[in-house]
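Order of appearance sets the numbers: ligands from 1, and atoms from 1 within every ligand.
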Amino acid sequence: MPSYIQESDFIMLEEGFVARDLMEKIINEVSQTDDQDAFFVADLGDIVKKHLRFLKALPRVKPFYAVKCNSSRGVVQILAEMGAGFDCASKTEIELIQSIGVKPKNIIYANPCKQISQIKFAAMNGVQMMTFDNEVELSKVSQSHPNAKMVLRIATDDTKASGPLSIKFGAPLKSCRHLLERAKNLNVDVIGVSFHVGTGCSNPKTYAESISDARLVFEMASEFGYKMWLLDIGGGFPGRDDKKNLFNEICAVINPALDLYFPEASGVEIIAEPGRYYVASAFSLAVNIIAKKEVQVDYCGSDDGEIYPSKNIMYYVNDGVYGSFNCIFFDHAHPNPILLKKPSPDQPLYSSSLWGPTCDGLDKIAEHLQLPELYVGDWFLFDNMGAYTVVASSTFNGFLQSRIHYAMSRVAWEAVQLLQKGLHQVEEKETVCSFMSCGWEISDPRCLTSVFAPRDII
Ligand SMILES: *Cc1c(COP(=O)(O)O)cnc(C)c1O
């Protein structure tokens, strides 16, 4: 049984001590020194909770984590440790996931438009599951990866998503028959259908519509003699703690749709490719005020209509939109700063703005904030900074990426050991439960999805 992560890879949070406490401890420590760089605390225990919640909420679905969302080592290690699969979109992502010891069967190369050399790389390294949505890809694959197991990515109605994807990927239903016919002629194996409802999906019904569309494609495929056995319902699940209800609504739509269109008796395996769901809330970022500028303004008293002199304050901090806050541009995020100490009610508030450290005027994190006066050396915290942040952060202007401190509570670590044990038993017994390989029927209370979710950490 491989071990993907060790106790020495993270800081163990003993009872009662949480990730926020660790953050404050680090701040206190560095405040005595000259090293006040911005830093992340990544609570791997939060990812453990998310995983258990996912298994509980979607018992027929095996998650393949979308690596592009956050490829930090601790993240992929803890997910591998819990038996998740991985959605990779490039050679480098496949290399990363294989370097931590993940088997090829737990990887799907879910990029419908791939460079030929990278298709060959997948072939050389045993990665067989790959997606496609066009004819040219089929001829590339038939030449460069004859053993590939192809998954047909279909388009979705993603107009309600913050990051639509179907403008770039996904075959419309009406071209699927032709693609399947072409695949048959080229002797390419097509094993199933995938879709992505768009990242930040706010309309749960889209999943049901896409699952029903996928059923149609399964029927079409059988006309060409394909016995498809894989349905991949993609990503799009929300990951912030304040979006738990939406996640539950989405699952309440997916489960009956699966039972209707892909009942268990159909034998179809179901996977998903959640990205932000797993990591959004696990990462918090601390940034330090490195500079400050006051702008004098006249302020109109709302009660008496009098004009008073006041000031706007600009704070310059040591991470910005070219670093972790790239999510403002690429992921339509609106990060909200949290103060270490709550201001007392009698402290005056000033209209304030937050700027990154680079010399670009575009490097603005937030504005129109009402904040008490803060000083150089003070800290801001940002929650929900795990999705589409560190992955796209650059070192523009010579500002380095913020360091990540990994942490996990002991109770989460123990839950991981339990999960591990369950997975271990499987390999000895060689009995297979259809989605998590735990060795038990889904209905059996001993099945991983129910028994290894200690109530106190959910
Ligand atoms: C980005 C992406 C995902 C992950 O999407 P989330 O909305 O973060 O869950 C999954 N699958 C594919 C093919 C993607 O491109």
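Note on R410 versus E414: no salt bridge recorded, every NZ/NE/NH1/NH2 to OD/OE distance being 4.0 Å or above. Ion pairing of K184 with E181 is absent here, as no side-chain N (NZ or NE/NH1/NH2) approaches a carboxylate O to less than 4.0 Å. The pair D383-R20 meets the salt-bridge criterion, with a side-chain N (NZ, NE, NH1 or NH2) lying under 4.0 Å from an Asp/Glu carboxylate O. Using a cut-off of 4.0 Å between Lys/Arg side-chain N and Asp/Glu carboxylate O, D259 and R60 are scored as salt-bridged.
Below 4.0 Å from some heavy atom of E273 lie the following atoms of ligand 1, by number and element: 3 (C), 4 (C), 9 (O), 10 (C), 11 (N), 12 (C), 13 (C). Every atom of ligand 1 is numbered from 1 in the order shown, and the set under 4.0 Å from a heavy atom of P274 is 9 (O). Annotation for ligand 1: atoms under 4.0 Å from non-hydrogen atoms of G275 are 4 (C), 6 (P), 8 (O), 9 (O). Near R276, the atoms of ligand 1 lying under 4.0 angstrom from a non-hydrogen atom of the residue are 6 (P), 8 (O), 9 (O). Heavy-atom proximity to D87, at under 4.0 Å, picks out these atoms of ligand 1: 10 (C), 11 (N), 12 (C), 13 (C). For ligand 1 and R153, the ligand atoms under 4.0 Å from any heavy atom of the residue are 13 (C). Residue T199 has at least one heavy-atom neighbour below 4.0 Å for each of these atoms of ligand 1: 6 (P), 7 (O), 8 (O).
In terms of N/O distances under 3.5 Å, ligand 1 is not approached by A110.
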Test ring-ring contact (aromatic ring centres under 6.0 Å, His included) applied to Y261 and F218, step by step: CA-CA 10 Å; Y261 297 105; F218 269 63; over 10 Å; no

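The aromatic ring centres of F399 and Y322 sit 6.0 Å or more apart.
By the 6.0 Å and 45° rule, R276 does not stack over the aromatic ring of Y388.
D133 places a side-chain N or O within 3.5 Å of a backbone atom of G170 that can act as its donor or acceptor partner.
In this structure, G236 is part of the shell of residues with a heavy atom less than 4.0 angstrom from ligand 1.
Given atom 3 (C) of ligand 1, the protein heavy atom at minimum distance is H196 NE2, 3.2 Å. Considering only non-hydrogen protein atoms, atom 8 (O) of ligand 1 sits nearest to Y388 OH, 2.6 Å. Looking from atom 2 (C) of ligand 1 to the surrounding protein, the closest heavy atom is K68 NZ, 2.3 Å.
The side chain of A66, and not its backbone, has at least one atom closer than 4.0 Å to an atom of ligand 1 (non-hydrogen atoms only; side chain from C-beta on).
For T389 against N326, the heavy-atom pair with the smallest separation is O-ND2, 2.8 Å.
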